[in-house]
Number of protein chains: 2
Amino acid sequence: MLEARLPQAALLKKIVEALKEMVNESNFDCGDSGISMQAMDSAHIAMCSLLLRSEGFEPYRCDRVISLGLSFSSLSKVLKCAGNDDVVTLKAEDDADTLGLMFESPKEERVSQFDLKLMDIDSDHVSIPDQEYDCTVHLSSAEFARICRDLSTFGASVVLDATKEGIKFSASGELGRGGILLKQQGSVDDSSPTSTRIEMREPVSVTLSLKYLNIFTKAAPLSEVVTINMSSEIPVLFQFSIGDIGHIRFYLAPQIQEDD
Amino acid sequence: MLEARLPQAALLKKIVEALKEMVNESNFDCGDSGISMQAMDSAHIAMCSLLLRSEGFEPYRCDRVISLGLSFSSLSKVLKCAGNDDVVTLKAEDDADTLGLMFESPKEERVSQFDLKLMDIDSDHVSIPDQEYDCTVHLSSAEFARICRDLSTFGASVVLDATKEGIKFSASGELGRGGILLKQQGSVDDSSPTSTRIEMREPVSVTLSLKYLNIFTKAAPLSEVVTINMSSEIPVLFQFSIGDIGHIRFYLAPQIQEDD
DNA sequence: TTCTTTCGAA
DNA sequence: TTCGAAAGAA
């Protein structure tokens, strides 16, 4: 059986809000080391994965591997019933057909118990090799979300150009064109965790669908920093940390650049 | 004739907002002791009543009994023209076909006068006996509203189980099931007026329509506490106090519990 | 489904 | 205080 207690319901709420726009339902694989999930969007274009390490729960107990087929919209509805500061406890028996969620208010005068029906979901579990990337950019997730939203006005796709100087986002369309450059912050001014930082082997330029990037940025409330890992020709990885308990990763293949 | 002056238009606004979703039009009975109203919803399932004592007005004058047939949506529109801190004066001649509403801004630099047409409404005035109830629960009206809204996700009806320990709300449906327990607060910690308190002769369990409860909770802005009076088999009474000038009461018959 | 209204966040 | 997002009503 699984039993996992998380002191802040807000965290779980944000995780589900971050993923529900991209994935309708998915299997949550619970094991010794924690909970993980992996899914593609319904069009099978982008992929996401979630990792929540057992150390992030107190306590965490999972005797044997369990796969919980959950609907994100149902999960979201149930989590709307939890206060942000509630303590959440997840429980599932082996071979259970429901997931139990208990919410306890901080003062313990209110206890809610929900039992969510589980689904049988065929999961096409693609294994993702741990990739070396030509370029890794750390930047403010709020800034990234803002840029993707703003550039959506101009076109359906954005070009990311990463050099040692900084990362540039550009889009063009009927209105005209737009470009936003985030400069790498000098090492002296490295104080802020949300400063733009770039590690690179060589410059990379990729074209990506803004529709998907705007879906990924729903994860911005989870982490103030997003890490973009890029090489030409292979899917770009966007990673949002979840405290120090895990992360959400999004993968999106670059579009073939057509010169016009 | 009627002449009644209320120092806070906000109060009257909240009263009308609380009732207008349930009742389209109704007779306001004005007499010596104050203003009262009683109506059923259009489906004749739930009932509500309003009492505003004459002592709550300054001054209050009503020589003879007048019945004012008012449309709640019209009344709501007119009250939208009043500032929250305006002083309201209601005036109606005997046998008048309009109700006069005067709004005076606090600094008296602005005076608005509205005359609302009255309607001829057949009222089936049901007399409600003052009932003894097996169980009375006082709880935060905001919390109650939140619970009814949350549980609407799960099903169309909610089961209320009141015991000495607390009151439990549960609902179930396609998603799964949900239950919320509010514990009775210890008498030591009785400081907060919105703490859950229960007075009972014996435990009560009733099933109620969430659709109606969600209509009743529109009255939550009037009072931070709602009082639920229950016995098995007879209509449940929900009471929201209006300062110390009166109250709104809602009555809803329990559904027959079907065991499956 | 769309619009309005309300609530929370910046 | 202003803005945007989310909830509720038409």
Side-chain angles (χ1 to χ4, degrees), chain A residues 8-22 72-86 105-106 140-153 192-194 211 213-226, chain B residues 9-25 41-43 46 48 71-85 140-156 158 171 175 178 194 209-224 250:
Chain A
Q8 282 269 330
L11 200 61
L12 200 54
K13 293 176 135 193
K14 285 181 192 166
I15 290 169
V16 171
E17 291 308 301
L19 295 170
K20 75 167 184 184
E21 196 171 342
M22 175 160 160
F72 273 92
S73 84
S74 304
L75 201 48
S76 166
K77 282 174 187 163
V78 170
L79 287 169
K80 287 233 161 67
C81 305
N84 281 333
D85 298 323
D86 284 1
S105 65
S140 154
S141 62
E143 184 97 62
F144 177 60
R146 177 73 197 273
I147 289 170
C148 292
R149 180 162 57 85
D150 286 351
L151 289 181
S152 302
T153 313
S192 165
T194 58
K211 179 186 153 195
L213 297 193
N214 281 313
I215 290 174
F216 300 168
T217 56
K218 303 295 177 199
L222 278 168
S223 167
E224 57 179 0
V225 174
V226 57
Chain B
L11 202 60
L12 199 53
K13 292 176 141 195
K14 286 180 191 166
I15 291 167
V16 171
E17 291 309 302
L19 296 170
K20 75 167 183 183
E21 198 173 339
M22 176 161 160
V23 186
N24 295 324
E25 61 214 20
D41 77 295
S42 52
C48 64
S71 145
F72 273 91
S73 83
S74 305
L75 200 48
S76 167
K77 282 174 188 161
V78 169
L79 287 169
K80 287 232 160 64
C81 306
N84 281 333
D85 298 323
S140 153
S141 61
E143 183 98 62
F144 178 60
R146 174 81 197 273
I147 289 170
C148 292
R149 180 163 54 82
D150 285 350
L151 288 182
S152 302
T153 312
F154 289 86
V158 60
L175 282 187
T194 59
S209 151
L210 277 169
K211 179 185 153 196
Y212 281 97
L213 296 194
N214 280 312
I215 290 173
F216 300 168
T217 58
K218 303 297 176 199
L222 276 168
S223 167
E224 58 178 0
F250 296 99

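Keep in mind that what you see is a predicted model, and the values were worked out from it rather than measured. The sequence lines fix the lettering, A, B, ..., with proteins before strands; numbering per chain opens at 1.
- Whole-Å rounding puts the A:Lys77 NZ to D:dA7 C1' distance at 14 Å.
- Taking only side-chain nitrogens and oxygens, B:Lys218 never comes nearer than 4.0 Å to OP1 or OP2 of D:dG8.
- In this structure, CD of A:Glu224 is placed 17 Å from P of C:dA9, rounded to the nearest angstrom.
- Of all non-hydrogen atoms in B:Thr153 and B:Asp150, the two that sit nearest each other are OG1-O, 2.9 Å.
- The nearest whole Å value for the distance from the NZ atom in A:Lys20 to the P atom in D:dA6 is 8 Å.
- Between A:Glu143 atom CD and C:dA10 atom P there is a gap of 15 Å when expressed in whole angstrom units.
- Between the P atom of D:dG4 and the CG atom of A:Asp150 lies a distance of 11 Å, rounded to the nearest Å.
- Pairing each heavy atom of B:Asn214 with each of B:Ala145, the nearest pair is OD1-O, 4.5 Å.
- A side-chain donor from one of B:Glu17 and B:Ser76 sits under 3.5 Å from a side-chain acceptor of the other.
- A donor-acceptor pair under 3.5 Å is formed between the side chain of A:Lys13 and the backbone N or O of A:Ala82.
- As a whole-Å value, the separation of A:Lys13 NZ from C:dA9 P is 10 Å.
- The CG-C1' distance, from A:Leu79 to D:dA6, rounds to 16 Å in whole Å.
- The separation between B:Arg149 atom CZ and C:dT5 atom P is 19 Å, rounded to whole Å.
- Here the nucleotide nearest the side chain of A:Lys80, chosen from D:dG8, D:dA7, D:dA9, is D:dA7.
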